[in-house]
Amino acid sequence: MPELPEVEAVKRVVEPQIRGRRIQRVTAHNPKVIARPGAEEFCRLVQGQTFSTVDRRGKFLTLHLESGDRFVLHLRMTGNLLPTPGGHPQEKHTHLVFTLDDGSELRYIDLRRFGRFWLLRAGEEDCFTGIDRLGPEPFDPAFDAAYLAGQLARRKRAVKECLLDQSIVAGIGNIYADESLFAARICPTRPANTLTQEEVARLARQIPAILRAAIQGKETSPEEYLASGGRNYRGSSFFQVYGHGGEPCPACGAPLCRTVIGGRSSVYCPCCQLPLTKER
DNA sequence: AGCTTTCCCTGATTGC
DNA sequence: TGCAATCAGGGAAAGC
């Protein structure tokens with residue numbers, strides 16, 4: 001489940017491998033991963049173009065082409081973007097293959113087929129992908145305690161659900177929502193509008209800190225990335241609470257609670273992240 | 001506008 | 001051994 005740090009890791013490892021490479025051919029094994037335009041037109045328009053830079057915004061990647069055209073890509077749950085040498089064995093669930101001018105390939109692999117590609121022409125405004133509806137990047141100076149307080153104050157839903165809302169802040173998924181709330185010592189079920197100023201300030205500070213640390217931990221080489229099939233982010237030993245329900249809290253030793261919030265599996269410490277009490 | 005529900009997908013796991 | 005039910009979850013869309 002790639003979130004901001006994993007998508008950033010993909011950007012960093014993929015960009016230098018495709019930049020300046022000309023696309024000789026595009027093969028769409030599964031047309032459904034191409035949301036716009038149709039698969040046939042997509043392949044025709046992209047063929048012969050040359051890759052330029054790669055950008056990340058929230059969990060979206062934008063692969064720029066030298067013409068000014070660009071792909072937008074969302075990996076959703078199980079998408080992988082994998083540069084491979086020519087002749088590399090093809091994995092199951094490979095939906096899209098870009099054959100490059102040095103014989104290497106850029107492949108899109110996605111077990112559950114939730115991921116999507118969009119092609120936008122040079123200068124074309126993006127009102128298709130959802131990037132235009134994203135909230136600020138967690139590293140943007142605009143994402144501060146005052147902004148977050150304003151967003152949370154008008155919502156009654158659980159604070160964790162708000163962190164998962166991409167229009168409030170971009171890039172957080174289930175893992176880093178739990179990790180950020182643990183670091184800020186806030187119970188994930190707390191109604192968003194009941195957080196104190198201090199709690200909001202802690203959360204606004206911890207979110208970028210947790211994500212920055214995760215990005216640093218995701219640094220990978222092209223060889224290592226290829227060997228993992230583009231799934232090097234699967235490791236979870238790094239996490240304090242995510243995936244550790246029932247185990248002792250790393251801070252206080254109390255058993256971590258597992259519950260479901262907004263349909264998402266959630267883990268928190270019942271001792272460090274106290275639920276709302278009457279005094280508050 | 002905010003919130004809830006449903007849908008899209010397949011592999012792993014569980015139950016009979 | 002085999003088959004069905006359940007779960008995992010990011011985001012769009014529809015309905016309240």
Figure out the [atom1]/[atom2] separation between [X] and [N], and round it to whole Å.
{"X": "A:Leu164", "N": "B:dT4", "atom1": "CG", "atom2": "P", "value": "13 Å"}
{"X": "A:Asp178", "N": "C:dG10", "atom1": "CG", "atom2": "P", "value": "10 Å"}
{"X": "A:Phe60", "N": "C:dG11", "atom1": "CZ", "atom2": "C1'", "value": "8 Å"}
{"X": "A:Lys160", "N": "B:dC3", "atom1": "NZ", "atom2": "P", "value": "17 Å"}
{"X": "A:Leu75", "N": "B:dC8", "atom1": "CG", "atom2": "P", "value": "22 Å"}
{"X": "A:Arg116", "N": "B:dC7", "atom1": "CZ", "atom2": "P", "value": "17 Å"}
{"X": "A:Arg57", "N": "C:dG10", "atom1": "CZ", "atom2": "P", "value": "18 Å"}
{"X": "A:Asn174", "N": "C:dG11", "atom1": "CG", "atom2": "P", "value": "11 Å"}

### Task
Would you indicate what A:Ser266 reaches in the nucleic acid, counting non-hydrogen atoms under 4.0 angstrom: base, sugar-phosphate, or nothing?
nothing

### Message
At 4.0 Å (heavy atoms only), tell me whether A:Arg155 reaches a base, stays on the sugar-phosphate, or touches nothing.
### Response
sugar-phosphate

### Task
Check the pair A:Glu137 / A:Arg57 against salt bridge (Lys or Arg N to Asp or Glu O under 4.0 Å), numbers first and verdict last.
CA-CA 7 Å; A:Glu137 286 288 311; A:Arg57 174 83 170 90; 3.0 Å; yes

Between [options], which one does the side chain of [X] approach most closely?
{"X": "A:Phe114", "options": "B:dC3, B:dC8, C:dG11", "result": "B:dC8"}
{"X": "A:Arg133", "options": "B:dC9, C:dG11, C:dA12", "result": "C:dA12"}
{"X": "A:Arg157", "options": "B:dC3, C:dA12, C:dG10", "result": "B:dC3"}

### Value rounded to 0.5 Å, distance of CD in A:Gln24 from OG1 in A:Thr99
7.5 Å

### Message
Quick check for you: to the nearest 0.5 Å, what is the distance between A:Thr62 atom OG1 and A:Trp118 atom CH2?
### Response
10.0 Å

### Query
Is the shortest distance from a Lys or Arg side-chain nitrogen in A:Arg107 or A:Glu91 to a carboxylate oxygen in the other one below 4.0 Å?
no

### Query
Under 4.0 Å between a side-chain N or O of A:Gln166 and OP1 or OP2 of C:dG11?
yes

### side-chain N/O A:Arg264 vs C:dG10 OP1/OP2, d < 4.0 Å
yes

### Task
Take A:Arg258 and A:Gly130, find for each the nucleotide of DNA chain C with the closest heavy atom, and name the residue whose nucleotide sits nearer the 5' end.
A:Arg258

Could you pull out all donor-acceptor pairs under 3.5 Å where a side-chain atom in residues 27-36 of chain A meets a protein atom, sequence neighbours excluded?
| unit_1 | atom_1 | unit_2 | atom_2 | d |
| --- | --- | --- | --- | --- |
| A:Asn30 | OD1 | A:Lys32 | N | 3.0 |
| A:Arg36 | NH1 | A:Leu119 | O | 3.1 |
| A:Arg36 | NH2 | A:Glu124 | OE2 | 2.8 |

### Message
Strictly distance-based, threshold 3.5 Å: is any side-chain N or O of A:Glu8 a donor or acceptor partner for the main-chain N or O of A:Leu4?
### Response
no

Mind listing the N/O atom pairs, protein and nucleotides 10-12 of chain B, below 3.5 Å?
| unit_1 | atom_1 | unit_2 | atom_2 | d |
| --- | --- | --- | --- | --- |
| B:dT10 | OP1 | A:Arg113 | NE | 3.3 |
| B:dT10 | OP1 | A:Arg113 | NH2 | 2.9 |
| B:dG11 | OP1 | A:His93 | NE2 | 2.9 |

### Task
Could you tell me how the ring of A:Phe98 sits relative to the ring of A:Phe51: parallel (under 30°), tilted (30 to 60°) or perpendicular (over 60°)?
perpendicular

